Amino acid sequence: MTTAKRDTYTPETLLSVAVQVFIERGYDGTSMEHLSKAAGISKSSIYHHVTGKEELLRRAVSRALDELFGILDEEHAREGSAAERLEYVVRRMVEVLMAELPYVTLLLRVRGNTGTERWALERRREFDHRVAALLKDAAAEGDVRADVEVRLATRLVFGMINSIVEWYRPDVPDGRSGAGAGEREVVDAVARLVFGGLRKAS
């Protein structure tokens, strides 16, 4: 299990360790005792900074959500045709997923058993709907093929992108589990597959 050295402990270290433990054990299967052992600090030290494990969960999923929603405020996500904006957003989603891999992984695994999890799921749905609206607009503008239903296409695109958390391992150099592919290579491959299939043939 992930363990942090006591002399390098910071609130950010605690959050990072908590995310790894939540992923390894599941949020419901993680106790404050598990977190204190993994972080190498006492439970009272943890409580000095947070009210409990649910606050750590909220901070972690907030980090992932803030990065994802931030994409939608970027210039290229707001200007240009719907198809251009959609491609930019898809590329940036892949970049954020890989840059914030543990945090996005945890976000994708919440199940709605607590208030924080239900909040995170609602925020995820809001983000998904905003991206789906871009795809719908691109279809209305005639830039994507008409023989693919928009809702189905949206689910397939998200399914492809979200699956990256299951195999992308940037710290494994030998190509196992999809590792060995550089970030740019993955981003370009997703864009080619998505938009090669979605764009209307010229």
Side-chain angles (χ1 to χ4, degrees), residues 1-74 92-128 130-131 158-159 161-183 186-187:
M1 181 178 289
T2 306
T3 303
K5 292 182 179 179
R6 192 180 292 266
D7 61 357
T8 60
Y9 166 73
T10 65
E12 186 62 25
T13 299
L14 173 60
L15 182 62
S16 177
V17 171
V19 168
Q20 292 296 340
V21 178
F22 290 155
I23 291 171
E24 290 167 8
R25 301 188 63 88
Y27 176 73
D28 291 338
T30 299
S31 67
M32 292 300 288
E33 184 70 25
H34 294 132
L35 294 176
S36 69
K37 285 182 178 178
I41 58 175
S42 67
K43 285 191 284 185
S44 61
S45 294
I46 295 177
Y47 284 120
H48 179 71
H49 292 281
V50 295
T51 56
K53 70 172 189 173
E54 190 161 358
E55 183 178 340
L56 286 166
L57 176 66
R58 190 175 185 98
R59 289 185 182 185
V61 295
S62 291
R63 175 167 165 167
L65 287 163
D66 288 349
E67 290 292 326
L68 289 170
F69 274 94
I71 295 169
L72 302 178
D73 292 327
E74 294 171 5
R92 289 287 292 122
M93 284 170 61
V94 178
E95 290 172 351
V96 165
L97 186 149
M98 291 189 290
E100 302 290 344
L101 187 63
Y103 297 90
V104 177
T105 299
L106 181 61
L107 173 65
L108 294 175
R109 292 183 181 175
V110 299
R111 293 292 176 260
N113 295 327
T114 67
T116 293
E117 290 178 281
R118 288 187 290 275
W119 168 81
L121 286 173
E122 185 58 36
R123 292 282 285 158
R124 267 186 59 192
R125 280 191 289 271
E126 180 184 348
F127 180 80
D128 292 358
R130 289 183 64 179
V131 177
F158 273 104
I161 294 171
N162 292 345
S163 73
I164 294 171
V165 304
E166 303 300 334
W167 56 263
Y168 182 69
R169 298 294 178 267
D171 53 344
V172 181
D174 64 358
R176 290 177 298 162
S177 300
E183 179 179 317
V186 176
V187 172

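Predicted model only: the values in this text are computed from it and were never measured.
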Could [X] and [Y] be called an ion pair, given the rule that one side-chain N must be under 4.0 Å from one carboxylate O?
{"X": "Arg59", "Y": "Glu55", "value": "yes"}
{"X": "Lys53", "Y": "Glu117", "value": "no"}
{"X": "Glu33", "Y": "Lys43", "value": "yes"}

Interatomic spacing from [atom1] in [X] to [atom2] in [Y] - rounded to 0.5 Å:
{"X": "Phe158", "Y": "Arg124", "atom1": "CZ", "atom2": "CZ", "value": "9.0 Å"}
{"X": "Arg111", "Y": "Asp28", "atom1": "CZ", "atom2": "CG", "value": "10.5 Å"}
{"X": "Thr51", "Y": "Leu56", "atom1": "OG1", "atom2": "CG", "value": "8.0 Å"}
{"X": "Glu100", "Y": "Asp66", "atom1": "CD", "atom2": "CG", "value": "10.0 Å"}
{"X": "Leu97", "Y": "Glu67", "atom1": "CG", "atom2": "CD", "value": "11.5 Å"}
{"X": "Trp119", "Y": "Leu57", "atom1": "CH2", "atom2": "CG", "value": "9.0 Å"}

Any side-chain heavy atom of [X] sitting closer than 4.5 Å to one from [Y]?
{"X": "Leu35", "Y": "Thr30", "answer": "yes"}
{"X": "Tyr27", "Y": "Val110", "answer": "no"}
{"X": "Thr105", "Y": "Leu108", "answer": "no"}
{"X": "Val104", "Y": "Ile164", "answer": "no"}

- Query: Does the side chain to side chain contact (heavy atoms under 4.5 Å, CB included) test come out yes or no for Phe22 and Val61, once each step is laid out?
  - Reply: CA-CA 11 Å; Phe22 290 155; Val61 295; over 6 Å; no
For a quick test of reading the model, state the closest non-hydrogen atom pair linking [X] to [Y] and the distance between them.
{"X": "Pro102", "Y": "Ile23", "answer": "O-CD1, 3.4 Å"}
{"X": "Arg25", "Y": "Gly29", "answer": "NE-O, 3.1 Å"}
{"X": "Tyr168", "Y": "Leu101", "answer": "O-CD2, 3.4 Å"}
{"X": "Ala120", "Y": "Leu107", "answer": "CB-CD1, 4.1 Å"}
{"X": "Ala39", "Y": "Val17", "answer": "N-CG1, 3.8 Å"}
{"X": "Arg125", "Y": "Glu122", "answer": "NH2-OE1, 3.0 Å"}

- Task: In sequence, state the C-alpha distance, the side-chain angles, and the governing distance for Glu54 and Arg118, and then conclude on salt bridge (Lys or Arg N to Asp or Glu O under 4.0 Å).
- Result: CA-CA 12 Å; Glu54 190 161 358; Arg118 288 187 290 275; over 6 Å; no
- Any chance the side chains of Thr116 and Thr114 put a donor and an acceptor closer than 3.5 Å?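 Looking only at side-chain atoms, Thr114 and Thr116 do not form any donor-acceptor pair under 3.5 Å.
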- Message: Do Ser31 and His34 pair up side chain to side chain, a donor and an acceptor below 3.5 Å, judged on atom types alone?
- Response: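 There is such a pair between these side chains.
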